[in-house]
Amino acid sequence: MTIRVIVVDDQSMVRAGFAALLAAQSDIDVVGEAPNGKKGIELSRGAHPDVVLMDVRMPELDGLSAARALLDPPPGVVHRPKVLMLTTFDVDDYVYEALRAGASGFLLKDAPPADLISAVRVVAAGDALLAPSVTRRLIADFAKQRTAPRHQSLRLGGLTERETEVLALIARGLSNKEIAEHLVLAEQTVKTHVGRVLGKLDLRDRAQAVIFAYESGLVTPGEQ
């Protein structure tokens with residue numbers, strides 16, 4: 001299946017470079033580019049991409065506002081693409097808020113080309129881009145500045161003991177395979193637990209699961 005992508009960035013050289021790199025892949029089709037969040041939303045509404053590469057800081061409408069608009073569309077708009085945030089900074093409050101809004105992860109603009117290509121494929125497949133340690137650090141840094149809303153702590157009570165264990169391990173950045181090894185379970189069983197955790201907590205993906213785990217107090221920043 002071909003992955004449809006649009007690139008939203010206010011720097012024309014960055015847009016052109018990313019677009020050329022991705023378009024050279026046989027399984028990726030770049031269906032448009034936009035210079036700001038407002039035009040990015042308009043383009044996405046018409047082009048229906050699978051993945052939107054969204055710069056965090058842009059004029060007219062920043063990437064956070066645009067990501068929110070795409071991930072929580074108004075009534076009548078059915079299409080919701082995956083959003084991958086692009087940033088120059090490895091710690092950025094905007095990126096944290098975008099993850100809370102449902103973005104599937106973020107990537108530094110100076111990441112190697114292979115990482116960009118891999119990130120698009122990972123996000124298009126429905127996974128969150130959480131592997132880089134910087135993502136976990138960013139979430140932990142901002143989560144520890146916030147007091148857990150009481151309703152989030154209460155929502156943890158709806159999970160079984162095993163599901164709670166799985167959520168904690170997701171928050172520490174473990175893959176399904178690593179969780180399976182840690183808990184001595186079949187990987188398919190872990191996938192089932194992950195699905196139940198997301199469903200019970202009404203979370204879109206693993207990125208939101210990580211944030212929830214920190215904000216609910218299940219995992220403490222700096223905890224290994």
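When side chains are defined from C-beta on, Phe106 does not count as touching Leu86, because their heavy atoms never get closer than 4.5 Å. By the 4.5 Å heavy-atom criterion applied to side chains, Val120 and Leu53 are counted as neighbours. In this structure, Asp55 and Val8 have side chains that are not in contact, with every pair of non-hydrogen atoms separated by 4.5 Å or more. Taking 4.5 Å as the limit, every side-chain heavy atom of Val219 sits out of range of all side-chain heavy atoms of Leu167. At least one side-chain heavy atom of Ile3 sits less than 4.5 Å from a side-chain heavy atom of Val51.
Applying the side chain to side chain contact (heavy atoms under 4.5 Å, CB included) criterion to Asp205, with sequence neighbours excluded, gives Ser104, Ala128, Ala207, Gln208. Shown here are the side-chain hydrogen bond (donor to acceptor under 3.5 Å, both in side chains) partners of Asp50, two or more places apart in sequence or in another chain: there are none. The side chain to side chain contact (heavy atoms under 4.5 Å, CB included) test applied to Ala111 returns Leu107, Asp115, not counting sequence neighbours. The side chain to side chain contact (heavy atoms under 4.5 Å, CB included) check on Ile117 picks up Leu21, Leu22, Gln25, Ile28, Arg121, with sequence neighbours excluded. For His48, the side chain to side chain contact (heavy atoms under 4.5 Å, CB included) partners are His79, not counting sequence neighbours. Shown here are the salt bridge (charged side-chain N to carboxylate O under 4.0 Å, His left out) partners of Arg45, two or more places apart in sequence or in another chain: there are none. Checked against side-chain hydrogen bond (donor to acceptor under 3.5 Å, both in side chains), Arg162 has the following partners two or more places apart in sequence or in another chain: Glu165.
We find the CG-CG distance between Leu169 and Asn176 to be 10.5 Å, quoted to the nearest 0.5 Å. For the atom pair OG1 (Thr164) and CG (Leu159), the distance works out to 4.5 Å, reported to the nearest 0.5 Å. Remark: Met54 CE to Thr87 OG1 distance equals 13.5 Å, nearest 0.5 Å. Atom CD1 of Ile6 is separated from atom CG of Asp29 by 12.5 Å, given to the nearest 0.5 angstrom. Between the CD atom of Gln11 and the CZ atom of Arg57 there is a distance of 12.5 Å, given to the nearest 0.5 Å. Distance CG/Leu203 to CD1/Ile211: 9.5 Å, rounded to 0.5 Å.
The minimum heavy-atom distance linking Ser44 with Val52 is given by the pair OG-CG2, 4.1 Å. Between Val123 and Lys82, the shortest heavy-atom distance links the atoms CG1-CB, 3.2 Å. In this structure, Ile170 and Ala209 approach most closely via the heavy-atom pair CG2-CB, 4.2 Å.
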Please determine whether side chain to side chain contact (heavy atoms under 4.5 Å, CB included) holds for the pair Val31 and Val5, giving the CA-CA distance in whole Å, both sets of side-chain angles, and the decisive distance to 0.1 Å. CA-CA 6 Å; Val31 296; Val5 178; over 6 Å; no

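Among residues at least two apart or in separate chains, there is no ring-ring contact (aromatic ring centres under 6.0 Å, His included) pair with a member in residues 155-175. Every pair passing salt bridge (charged side-chain N to carboxylate O under 4.0 Å, His left out) that includes a residue from residues 8-24 is listed here, sequence neighbours excluded: Asp9-Lys109, Arg15-Glu33.
One N or O on the side chain of Ser216 and one on the backbone of Phe212 form a donor-acceptor pair closer than 3.5 Å. Glu42 places no side-chain N or O within donor-acceptor distance of the main-chain N or O of Lys39, the cut-off being under 3.5 Å.
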Sequence neighbours left out, cut at 3.5 Å: what donor-acceptor pairs do the side chains of residues 181-198 make with other protein atoms?
{"from": "Thr192", "atom 1": "OG1", "to": "Gln188", "atom 2": "O", "distance (Å)": "3.1"}

Identify every side-chain donor-acceptor pair in residues 59-74 under 3.5 Å, counting partners at least two apart or on other chains, and give the distances.
{"from": "Glu60", "atom 1": "OE2", "to": "Asn36", "atom 2": "ND2", "distance (Å)": "3.4"}
{"from": "Asp62", "atom 1": "OD1", "to": "Leu64", "atom 2": "N", "distance (Å)": "2.9"}
{"from": "Asp62", "atom 1": "OD1", "to": "Ser65", "atom 2": "N", "distance (Å)": "2.8"}
{"from": "Asp62", "atom 1": "OD1", "to": "Ser65", "atom 2": "OG", "distance (Å)": "3.4"}

